A.B. asks: 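Sharing a structure below in structure tokens format, with a few things to ask.
Reminder, nothing fancy here: chain letters follow the sequence lines and each chain counts from 1. No experiment lies behind these values; they were computed from the predicted model shown.
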There are 2 protein chains.
Amino acid sequence: MPLSREKIAATAIRLADAHGLDGLSLRKIAKELGVGPMRLYDYVINKSELLDLMVDVVYARIAEVGQRSGWRDTVLAVAHATRAATLDHEWFSDVLGGRPHLGPHALAVGEATAAALSAAPGVRDLDDLQRAVGALNAFIIGSVRREVTERRTARSTGTDEAAFQASLGPYLTRMLKTGRYPTVARLVIDGAHLNAEETFNHNLTTILDGITRRRPT
Amino acid sequence: MPLSREKIAATAIRLADAHGLDGLSLRKIAKELGVGPMRLYDYVINKSELLDLMVDVVYARIAEVGQRSGWRDTVLAVAHATRAATLDHEWFSDVLGGRPHLGPHALAVGEATAAALSAAPGVRDLDDLQRAVGALNAFIIGSVRREVTERRTARSTGTDEAAFQASLGPYLTRMLKTGRYPTVARLVIDGAHLNAEETFNHNLTTILDGITRRRPT
DNA sequence: GTATTTGTGGATACACCGTACGGTAGCGAG
DNA sequence: CTCGCTACCGTACGGTGTATCCACAAATAC
């Protein structure tokens with residue numbers, strides 16, 4: 001079977017899922033495809049263009065959720081789809097917000113959320129819409145990024161608290177024992193039990209409530 | 001004058017400010033300091049540890065704002081300091097949320113915001129506090145990241161709209177002309193005039209209002 | 001004063017990266 | 001048959017982070 005942009009992007013995504021974005025190289029992709037490294041440059045200008053390709057494949061999955069009945073359901077669906085896709089492809093979080101997303105599917109989800117938000121109460125003109133889109137996207141990007149980071153450190157240190165105390169503990173517990181960070185200490189020590197998805201949902205509705213509430217100009 | 005972690009971090013920050021994180025290499029730092037590349041490994045274990053060092057230097061600047069009178073003033077001050085520091089050191093946005101911030105100064109600003117938020121109305125228990133901190137940080141991370149990205153593309157394409165139309169235009173305008181993204185098109189075409197700081201401020205107060213509003217459990 | 005140890009800075013080397021470049025083999029047109 | 005063209009391919013270059021070895025100087029032991 002011949003090479004194609006889609007095939008290259010697909011195996012690149014597979015490799016990135018397995019070994020992260022740092023462990024991804026054109027040489028490994030080419031080897032996985034059974035061709036020389038330079039073959040890829042017949043289909044892709046740059047490594048960064050390949051990245052854009054991979055990103056838009058993920059956005060295609062997000063765009064699949066399509067339109068829902070109400071504006072709020074649509075926004076919620078897109079947000080949750082974004083979170084789910086990012087948790088499936090953790091490298092996506094490394095790129096979220098770090099480059100302009102201009103692929104066709106990225107534009108499609110941008111259009112879907114913008115159109116939905118423009119129908120939200122409290123969004124009266126284009127300026128309101130721009131702010132609302134900005135706030136929502138900022139929250140999604142930051143949330144998902146944080147969750148992936150937490151998951152990574154949890155994986156690298158080991159899930160159980162004993163291994164955690166053994167790896168990050170020596171430094172972190174020493175820091176927290178200084179008493180200079182009492183609130184952070186309380187948060188770290190007995191604040192880890194919260195469900196991630198529930199937290200995401202909770203904060204998401206908080207944001208949406210804030211957006212829809214009419215404010216004085 | 002002898003080498004030191006501080007000196008290495010300082011010149012690394014200077015180079016990263018000038019040429020970005022991708023253009024930063026241990027060899028260049030060493031050359032800038034007039035030593036061999038391997039000398040740096042006497043002061044730093046990894047390149048990633050050096051990055052952590054640089055990050056905490058920036059957090060030190062953020063932590064300088066110190067405590068304000070009310071919880072809201074404190075949160076606003078920290079948020080604006082974070083934004084200002086990131087705009088001064090754009091590479092900081094590439095790292096924001098992408099790794100755990102455990103340096104002493106990072107913990108200090110974490111403590112400051114957490115302590116302030118714990119005094120906010122509507123934050124009743126530790127779970128509320130954790131969610132509030134998460135929402136606020138997510139917003140700040142996402143906002144600042146987006147702003148830096150926009151600034152970068154604006155710089156690479158040229159500020160004026162003619163150059164923009166010439167570089168990204170051929171693709172983007174063709175995409176927008178398809179009519180599949182009407183809302184995005186409206187946002188792009190005449191939505192660029194909004195002031196970034198004002199938008200940040202506006203959305204920040206929106207988030208804080210959402211947090212402080214008491215909700216049913 | 002000489003010998004030995006110790007530590008500090010430097011150079012070299014390795015594996016890997018993205019990608020520029022030159023060559024070669026197949027193939028349709030004249 | 002020959003010629004030009006296109007599609008593939010291997011090699012090579014300049015760069016990266018980092019491990020290892022080595023020379024030399026300072027300090028210590030006798």
Side-chain angles (χ1 to χ4, degrees), chain A residues 1-57 90-92 94-95 98-100 103 152-153 156, chain B residues 1-57 89-92 94-95 98-100 103 152-153 156 167:
Chain A
M1 79 199 101
L3 234 45
S4 71
R5 286 164 71 91
E6 290 74 18
K7 227 182 140 30
I8 292 175
T11 75
I13 288 176
R14 249 191 23 243
L15 290 182
D17 287 345
H19 307 105
L21 217 57
D22 292 345
L24 185 70
S25 77
L26 295 179
R27 297 170 128 94
K28 288 178 189 167
I29 300 171
K31 180 170 288 184
E32 187 81 9
L33 288 168
V35 300
M38 287 305 108
R39 281 319 83 235
L40 305 183
Y41 282 89
D42 293 337
Y43 301 87
V44 155
I45 289 186
N46 271 343
K47 187 182 186 181
S48 96
E49 197 194 64
L50 174 57
L51 252 174
D52 288 339
L53 238 60
M54 296 165 62
V55 165
D56 212 53
V57 170
E90 296 188 351
W91 52 269
F92 191 65
D94 296 323
V95 157
R99 60 178 65 222
R152 279 173 176 159
T153 67
S156 78
Chain B
M1 83 198 101
L3 235 46
S4 70
R5 287 165 70 93
E6 290 75 18
K7 228 181 141 28
I8 293 176
T11 76
I13 287 176
R14 252 195 17 246
L15 289 182
D17 287 346
H19 308 105
L21 218 58
D22 292 344
L24 184 71
S25 75
L26 295 180
R27 296 171 131 93
K28 290 177 188 167
I29 300 171
K31 179 170 291 184
E32 187 81 8
L33 289 168
V35 300
M38 288 303 109
R39 279 316 85 233
L40 304 184
Y41 283 89
D42 292 339
Y43 301 87
V44 156
I45 289 184
N46 272 343
K47 187 182 186 181
S48 97
E49 197 194 63
L50 174 58
L51 252 172
D52 288 339
L53 237 59
M54 296 165 62
V55 165
D56 212 54
V57 170
H89 309 283
E90 296 189 348
W91 53 268
F92 191 64
D94 297 323
V95 158
R99 59 180 62 221
R152 279 174 178 160
T153 67
S156 78
S167 68

A.B. asks: Any side-chain N or O of A/Lys47 under 4.0 Å from OP1/OP2 of C/dC17?
C.D. replies: no
A.B. asks: What's the closest nucleotide to the side chain of A/Tyr41 if the choices are C/dG18, C/dG9, D/dC8?
C.D. replies: C/dG18
A.B. asks: In whole angstrom, what separates B/Tyr43's OH from C/dG7's P?
C.D. replies: 15 Å
A.B. asks: When you measure from the side chain of B/Met38, which nucleotide among D/dA19, C/dT19, D/dC8 comes out closest?
C.D. replies: D/dA19
A.B. asks: If I take atom NZ in residue B/Lys28 and atom P in nucleotide D/dG14, what distance separates them, rounded to the nearest angstrom?
C.D. replies: 15 Å
A.B. asks: When you measure from the side chain of B/Leu26, which nucleotide among D/dC9, C/dG9, D/dG17 comes out closest?
C.D. replies: D/dG17
A.B. asks: When the distance from CG of A/Leu24 to C1' of C/dG18 is rounded to whole Å, what number comes out?
C.D. replies: 12 Å
A.B. asks: Take atom CD1 of A/Ile29 and atom P of C/dG18, then tell me their distance rounded to the nearest Å.
C.D. replies: 8 Å
A.B. asks: Measuring only between side-chain heavy atoms, which start at C-beta, is A/Val95 closer than 4.5 Å to A/Leu21?
C.D. replies: yes
A.B. asks: Measuring from the side chain of B/Asp42 (C-beta onward, heavy atoms only), which nucleotide among C/dG10, C/dG9, C/dC17 has the closest atom?
C.D. replies: C/dG9
A.B. asks: Any salt bridge between B/Arg5 and B/Asp56, counting N to O under 4.0 Å?
C.D. replies: no
A.B. asks: Taking the minimum atom-to-atom distance to the side chain of B/Arg27, which one of C/dG9, C/dA13, C/dG18 wins?
C.D. replies: C/dA13
A.B. asks: In whole angstroms, how far is the P atom of D/dA19 from the CD1 atom of B/Ile45?
C.D. replies: 10 Å
A.B. asks: When you measure from the side chain of A/Lys28 to the backbone of A/Gly23, do you find a donor-acceptor pair of N or O atoms at a distance under 3.5 Å?
C.D. replies: yes
A.B. asks: Among D/dT18, C/dG10, C/dC17, which nucleotide has an atom closest to any side-chain atom of B/Val35?
C.D. replies: C/dG10
A.B. asks: Does any part of the side chain of B/Ile29, heavy atoms only, come nearer than 4.5 Å to the side chain of B/Leu50, both counted from C-beta?
C.D. replies: yes
A.B. asks: A/Leu40 CG to D/dC9 P: how many Å, rounded?
C.D. replies: 11 Å
A.B. asks: Check this one for me: any side-chain N or O of B/Asn46 less than 4.0 Å away from OP1 or OP2 of D/dG17?
C.D. replies: no
